[in-house]
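Chain letters run A, B, ... following the sequence lines, proteins first and then strands; every chain starts at 1. Bear in mind the structure is a predicted one, so any value in this text is a computation, not a measurement.
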Protein chains: 2
Amino acid sequence: LQTSTIVDQEIKELVIPIDNVAHVQLGNSLEHALLVLVKSGYSAVPVLDLSFKIKGLISKTLILDSILGMERIEYEKLADHHVEEVMNSKVPRMKDTDTFTRALELSINQPFLCIENDEGIFIGILTRRAILALVYRHVRK
Amino acid sequence: LQTSTIVDQEIKELVIPIDNVAHVQLGNSLEHALLVLVKSGYSAVPVLDLSFKIKGLISKTLILDSILGMERIEYEKLADHHVEEVMNSKVPRMKDTDTFTRALELSINQPFLCIENDEGIFIGILTRRAILALVYRHVRK
Ligand SMILES: Nc1ncnc2c1ncn2[C@@H]1O[C@@H]2COP(=O)(O)O[C@H]3[C@@H](O)[C@H](n4cnc5c(N)ncnc54)O[C@@H]3COP(=O)(O)O[C@H]2[C@H]1O
Ligand SMILES: Nc1ncnc2c1ncn2[C@@H]1O[C@@H]2COP(=O)(O)O[C@H]3[C@@H](O)[C@H](n4cnc5c(N)ncnc54)O[C@@H]3COP(=O)(O)O[C@H]2[C@H]1O
């Protein structure tokens with residue numbers, strides 16, 4: 001794995017474009033968000049506002065945690081609450097011109113990263129899977 | 001990143017030992033399993049039998065998917081079904097003596113791997129986080 005080659009990797013090529021990224025809107029109910037998460041099969045997805053700007057992340061864990069009562073999970077609360085109240089607004093984001101090393105560093109604690117272009121427009125996500133597959137290709141060389 | 005050093009990494013040192021691994025039992029109800037998953041905060045955990053052998057993986061996604069009806073998520077079904085009916089029994093497992101390259105390859109498609117010793121006893125899990133942190137330390141050298 002020649003460091004010089006892996007660190008020169010452009011992250012643009014690894015990004016899943018926004019058209020293929022499941023997401024929810026700020027104002028969605030938790031019930032709707034949980035249905036999107038269950039139907040997509042993903043643990044967590046980005047939360048966008050109406051102009052497609054990234055606002056946060058929502059996950060099955062955050063939604064279920066917010067309705068966990070003393071004895072049981074209180075499902076009836078899902079319809080009364082909204083994504084904005086429960087989402088994690090500290091979203092790991094990077095520019096598509098940042099280095100691969102920076103993407104590797106952020107992916108240590110984040111299953112995926114939200115990628116923006118120079119004007120701050122959300123262009124897609126970079127997953128741990130894409131980073132690990134690239135590292136494996138280099139190690140095999 | 002001298003390939004010679006990263007591929008020589010012992011995976012034993014990266015394993016989260018079984019005492020620190022959240023898990024459920026085969027016979028648990030889905031209701032109990034979902035509570036363990038929500039309280040631990042993990043998306044997925046190993047399923048063990050009574051002699052601590054790995055039998056499969058269970059996740060919030062698999063549980064919620066199994067009770068997804070036409071219109072809504074049918075939570076009342078959770079108490080009637082058991083982990084064994086819903087778990088994924090194709091568990092990614094490796095020996096603690098396998099190579100780091102093998103762990104890297106398996107982690108491309110699996111958030112964590114179940115690690116066994118030579119006698120087939122479950123000793124812990126290896127996470128993508130541990131693999132990514134190691135790769136990052138090497139790239140930085
Ligand atoms: N439908 C599917 N087909 C094949 N493999 C699947 C899959 N769903 C999940 N996986 C596998 O499981 C890993 C964990 O998925 P999870 O949903 O927990 O965690 C995912 C999910 O929260 C998010 N994600 C991935 N792709 C997404 C997309 N198109 N839209 C929105 N979120 C996505 O990024 C996290 C990391 O994704 P990553 O690919 O590294 O890692 C994925 C992938 O290796
Ligand atoms: N309590 C916590 N404290 C700090 N960071 C946390 C955390 N819970 C989750 N994370 C972060 O989120 C990532 C995804 O967690 P997830 O629960 O979807 O997916 C986890 C979970 O399904 C499983 N896992 C990790 N540690 C576990 C444990 N002690 N017992 C059982 N399963 C575990 O392995 C998957 C990958 O774990 P990994 O560490 O690579 O990746 C973790 C970690 O980077």
Beyond-backbone contact of [X] with [Y], side-chain heavy atoms, under 4.5 angstrom:
X	Y	answer
A:Thr101	A:Glu105	no
B:Leu106	A:Tyr136	no
B:Val21	B:Tyr42	no

Practice task
Find out if a path of hydrophobic residues (ILVMFWY) with successive side-chain heavy-atom gaps under 4.5 Å connects B:Leu64 to A:Leu78.
Solution key: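 Yes, B:Leu64 connects to A:Leu78 through the hydrophobic network.
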Problem - In one Ile/Leu/Val/Met/Phe/Trp/Tyr side-chain cluster, 4.5 Å: A:Leu113, A:Leu48 - result: no
Exercise for the section: Return the minimal non-hydrogen interatomic distance between B:Leu14 and B:Phe100, and the atom names on each side. Expected result: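 Looks like CD1-CE1, 4.1 Å.
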Practice task
Over all heavy atoms of both residues, which pair between A:Ile11 and A:Ala103 is shortest? Give the atoms and the distance, please.
Solution key: CG2-CB, 4.1 Å
Problem - Worked check of side-chain contact (heavy atoms from CB on, under 4.5 Å) between A:Arg72 and A:Met70 - result: CA-CA 6 Å; A:Arg72 51 181 280 277; A:Met70 292 295 289; over 6 Å; no
Fill in the blank from the handout: Listed by number, the residues in residues 50-63 of chain A that come under 4.5 Å of chain B (heavy atom to heavy atom) are A:Lys60, A:Thr61
Exercise for the section: Spell out the residues in residues 85-95 of chain A that have some non-hydrogen atom less than 4.5 Å away from a non-hydrogen atom of chain B, in order of number; otherwise answer 'none'. Expected result: none
Problem - Evaluation steps, side-chain contact (heavy atoms from CB on, under 4.5 Å), between B:Ile67 and B:Tyr75 - result: CA-CA 7 Å; B:Ile67 57 170; B:Tyr75 302 103; 4.2 Å; yes
Any chance you could measure [X], atom [atom1], to [Y], atom [atom2], to the nearest 0.5 Å?
X	Y	atom1	atom2	value
B:Lys12	B:Asp98	NZ	CG	10.5 Å
B:Glu74	B:Glu71	CD	CD	9.5 Å
B:Leu104	B:Thr99	CG	OG1	9.0 Å

Problem - chain B contact via A:Glu76 - which portion, at a heavy-atom distance below 4.5 Å - result: neither
Practice task
Please flag which part of A:Leu68 lies under 4.5 Å from any non-hydrogen atom of chain B: side chain, backbone, both or neither.
Solution key: side chain
Handout entry: Close approach to chain A in residues 26-39 of chain B, criterion heavy atom under 4.5 Å
Key = B:Leu34, B:Leu35, B:Val38, B:Lys39
Handout entry: Close approach to chain A in residues 114-132 of chain B, criterion heavy atom under 4.5 Å
Key =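 Under the 4.5 Å heavy-atom cut-off, B:Arg128, B:Arg129, B:Ile131, B:Leu132 qualify.
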Exercise for the section: Show the numbers, then the answer: is there a side-chain contact (heavy atoms from CB on, under 4.5 Å) between B:Gln25 and B:Val47? Expected result: CA-CA 5 Å; B:Gln25 299 279 345; B:Val47 176; over 6 Å; no
Practice task
Show your working on side-chain contact (heavy atoms from CB on, under 4.5 Å) between A:Val7 and B:Val139 and close with a plain yes or no.
Solution key: CA-CA 8 Å; A:Val7 296; B:Val139 165; 3.6 Å; yes
